[in-house]
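Worth knowing before you read on, the calculation uses all heavy atoms, side chains too, and leaves out hydrogens, waters and symmetry mates.
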There are 2 protein chains.
Amino acid sequence: MALRKSDVVDAALRFLDIEGLDQLTMRKLGASLNVHGGALYRHFPNKEALLDAVADKIVQDMGDPLPDSPWTDQVEILGNRLRTALLSHRDGARVVAGTFAPGVNTIVGSDMAVQVLCRAGLPPAQAGWVTFALFYYVLGHTIEEQAQRQLPSDNNWRVRNERLDVQVSPQFAVALDSLWDTDPAERFQYGLRVFVEGLSHLAAPSAQQTRPASGDATREAPGKRGNLAR
Amino acid sequence: MALRKSDVVDAALRFLDIEGLDQLTMRKLGASLNVHGGALYRHFPNKEALLDAVADKIVQDMGDPLPDSPWTDQVEILGNRLRTALLSHRDGARVVAGTFAPGVNTIVGSDMAVQVLCRAGLPPAQAGWVTFALFYYVLGHTIEEQAQRQLPSDNNWRVRNERLDVQVSPQFAVALDSLWDTDPAERFQYGLRVFVEGLSHLAAPSAQQTRPASGDATREAPGKRGNLAR
DNA sequence: ACCTGAACACCGTTCAAGT
DNA sequence: ACCTGAACACCGTTCAAGT
């Protein structure tokens with residue numbers, strides 16, 4: 001039979017979809033390949049390395065060529081691409097979040113994001129920081145999506161919140177409800193757009209400096225955007 | 001002696017600072033309280049509930065009153081406050097990220113963020129989405145900060161990247177270096193500002209509509225998602 | 001009510017021995 | 001080279017029994 005690394009990764013992905021990350025143990029994964037758990041250590045030094053390989057396979061399409069669109073669209077495409085990749089396997093987001101050592105696909109994808117952001121006018125260092133920021137947003141959002149998807153419907157924030165008997169503002173109550181009533185994709189899109197909107201103002205020299213680029217946040221003169229308060 | 005819940009939480013926080021999350025087991029935590037591991041189940045139904053309580057204690061100051069500043073500053077203050085709270089205990093970010101059931105302090109803090117964003121002009125639902133987006137960013141950034149802090153210096157992305165022998169762009173190489181050369185606080189601040197900048201343009205009706213406020217992102221660039229549609 | 005002692009049902013990982 | 005079988009050193013959790 002002679003198992004290959006890729007066989008183990010494929011089996012792990014299949015196992016993930018059926019049983020979920022919490023059930024994925026070396027013994028059970030081995031059993032799904034008609035092999036003892038210990039045998040997997042011929043192919044991976046430990047479970048972490050195995051999951052790193054699984055994570056990198058999950059994000060394998062991130063580096064696909066981008067359409068020749070405005071950079072704002074390209075950033076949104078990358079964000080959506082990552083979300084789609086994470087959602088395409090059960091607990092995919094948690095697996096990728098737990099990655100310790102980035103793999104080839106992760107690096108290629110990040111590189112692509114950095115380049116898009118540089119073309120948008122960001123210095124390379126800042127492009128890197130922003131790439132991570134976007135990554136964190138997508139990961140966090142998708143982890144929550146996948147957690148919510150597997151939750152019994154009587155076990156949500158709203159209910160918990162009531163049980164804890166905390167006084168919350170009416171706005172917060174509405175906000176909480178919207179987490180359960182609104183399509184996750186729409187929520188995701190909104191956050192992504194906020195980010196891109198901020199970038200388009202900080203990255204473009206012409207539109208820059210509506211606020212100081214650095215310095216103490218508390219220093220700024222009040223009232224600049226006071227007209228928004230209602 | 002008669003242990004209280006708060007004694008256990010305090011001991012867990014102390015244990016965390018000394019040994020880290022990976023070493024925190026029920027047996028060892030019990031031992032640090034001169035008690036067997038099983039005894040902790042008189043105070044918490046399971047380890048998860050215990051860690052939830054620890055997480056909520058970590059973010060206990062989030063709801064402190066905010067200065068009467070512009071909402072942009074208030075958002076940045078909340079972000080910095082959360083980061084500071086997470087950094088104040090070893091593996092604090094990972095503990096909070098693993099929270100299943102939000103506690104009182106988490107709810108109060110979120111509520112505060114939602115209200116700030118509503119005053120900025122966002123509808124409550126969107127304010128909630130944005131609050132989560134900010135939360136994800138801070139968590140992700142801080143988890144990475146704390147991971148980096150505990151890493152041997154020969155074990156970073158740059159080195160890994162070379163070992164994997166992936167071709168990366170010169171911009172990406174610079175970006176990677178900056179992750180190790182730049183003060184994490186500065187990187188954090190930058191991402192926060194991008195976010196706030198985006199908000200200040202999406203939340204204010206007057207400054208809005210530099211891009212469509214809603215709609216399908218795919219609409220602007222036809223065919224771009226063909227590779228994602230599985 | 002709170003804790004001990006001991007067990008149950010697992011883990012990840014290692015390694016001599018087989019093929 | 002790859003896998004088995006069995007062990008090692010742990011886990012979280014439960015529960016009768018003690019105090």
Side-chain angles (χ1 to χ4, degrees), chain A residues 1-16 18-56 90-91 94-101 103 147 150 152 155, chain B residues 1-16 18-57 90-91 94-101 103 147 150 155:
Chain A
M1 303 294 270
L3 238 44
R4 300 146 179 265
K5 275 180 93 144
S6 66
D7 295 328
V8 179
V9 171
D10 289 346
L13 244 11
R14 266 194 311 274
F15 190 98
L16 220 50
I18 299 171
E19 305 278 0
L21 180 59
D22 294 335
Q23 290 298 313
L24 177 58
T25 70
M26 296 302 266
R27 277 171 237 254
K28 289 182 185 171
L29 177 57
S32 83
L33 286 159
N34 294 113
V35 132
H36 282 210
L40 300 176
Y41 289 82
R42 290 283 139 191
H43 305 281
F44 296 92
N46 48 50
K47 187 182 184 181
E48 187 175 84
L50 198 166
L51 288 178
D52 283 353
V54 172
D56 204 55
R90 164 125 85 126
D91 292 333
R94 268 169 72 208
V95 171
V96 170
T99 301
F100 185 63
Q150 289 167 36
N155 191 4
Chain B
M1 302 295 270
L3 240 41
R4 301 148 181 266
K5 275 179 92 142
S6 66
D7 295 329
V8 179
V9 171
D10 289 346
L13 245 10
R14 265 195 311 275
F15 191 97
L16 220 51
I18 299 170
E19 306 277 0
L21 181 58
D22 293 336
Q23 289 298 314
L24 178 57
T25 69
M26 298 301 267
R27 277 171 236 253
K28 289 183 184 170
L29 178 56
S32 83
L33 286 159
N34 295 113
V35 133
H36 283 209
L40 300 177
Y41 290 81
R42 290 284 136 192
H43 306 281
F44 296 92
N46 48 48
K47 189 183 183 181
E48 187 174 84
L50 198 165
L51 288 179
D52 283 353
V54 173
D56 205 55
K57 176 119 196 197
R90 164 126 84 125
D91 292 332
R94 267 169 72 208
V95 171
V96 171
T99 301
F100 186 64
Q150 289 167 38
N155 192 4

- prompt: Which one, C:dC3, C:dG12, D:dT13, comes nearest to the side chain of A:Lys47?
  reply: C:dG12

- prompt: Should C:dA1 form a Watson-Crick or G-U wobble pair with both distances under 3.5 Å, which nucleotide is its partner?
  reply: D:dT19

- prompt: With no hydrogens and no angle check, is any side-chain donor or acceptor of B:Asp91 less than 3.5 Å from a backbone partner on B:Gly20?
  reply: no

message: Whole angstroms only, please: what is the CG-P distance between B:Asp22 and D:dC11?
response: 12 Å

- prompt: NA contact type, B:Gly38, heavy-atom cut-off 4.0 Å: base, sugar-phosphate, or nothing?
  reply: base

field: Atom pair distance, as rounded to whole Å: CD in B:Gln23 and C1' in D:dC11
entry: 12 Å

task: Kindly say if A:His43 contacts the phosphate of D:dC3, meaning a side-chain N or O under 4.0 Å from OP1 or OP2.
output: yes

- request: Apply side-chain contact (heavy atoms from CB on, under 4.5 Å) to A:Met26 and A:Leu50, showing your working.
  value: CA-CA 10 Å; A:Met26 296 302 266; A:Leu50 198 166; 4.0 Å; yes

task: Please figure out whether B:Asn34 or A:Leu24 has its closest DNA chain C nucleotide nearer the 5' end.
output: B:Asn34

query: Roughly how far, to the nearest 0.5 Å, is the CG atom of B:Leu51 from the CG atom of B:Asp56?
result: 12.5 Å

field: A:Asp7 side chain to A:Arg4 backbone, donor-acceptor under 3.5 Å
entry: yes

statement: Checking D:dT13, C:dG12, C:dT4 against the side chain of B:Val35 (C-beta onward), the nearest is C:dT4

- request: Take B:Asn46 and B:Arg42, find for each the nucleotide of DNA chain D with the closest heavy atom, and name the residue whose nucleotide sits nearer the 5' end.
  value: B:Asn46

- prompt: Considering only D:dC3, D:dA7, C:dC3, which nucleotide approaches the side chain of A:Arg27 most closely?
  reply: D:dA7

- line: Between A:Arg90 and A:Ile18 the two heavy atoms that sit nearest each other are NH2-O, 2.8 Å

message: From OH of A:Tyr41 over to C1' of D:dA7, roughly how many Å is that when rounded to an integer?
response: 14 Å

- line: Closest to the side chain of B:Leu3, out of C:dG12, C:dC3, D:dC11, is C:dC3

field: Euclidean distance, atom CG of residue A:Leu40 to atom P of D:dC3 [Å, nearest integer]
entry: 9 Å

task: Give a yes/no answer on whether the side chain of B:His36 brings an N or O atom under 4.0 Å of OP1 or OP2 in C:dC3.
output: no

task: Could you tell me the separation between the CE atom of A:Met26 and the P atom of C:dT14, rounded to a whole number of Å?
output: 10 Å

message: Let's see if you can work this out: which of C:dC11, C:dT13, C:dC3 has an atom nearest to the side-chain heavy atoms of B:Ala39?
response: C:dC3

task: Check the distance between C:dT13's C1' and A:Leu50's CG and give it to me in whole angstrom.
output: 13 Å

- prompt: Given C:dC10, is OP1 or OP2 found less than 4.0 Å from the side-chain N or O atoms of A:Lys28?
  reply: no

Assigned partner base of C:dT14, Watson-Crick or wobble definition, under 3.5 Å: D:dA6

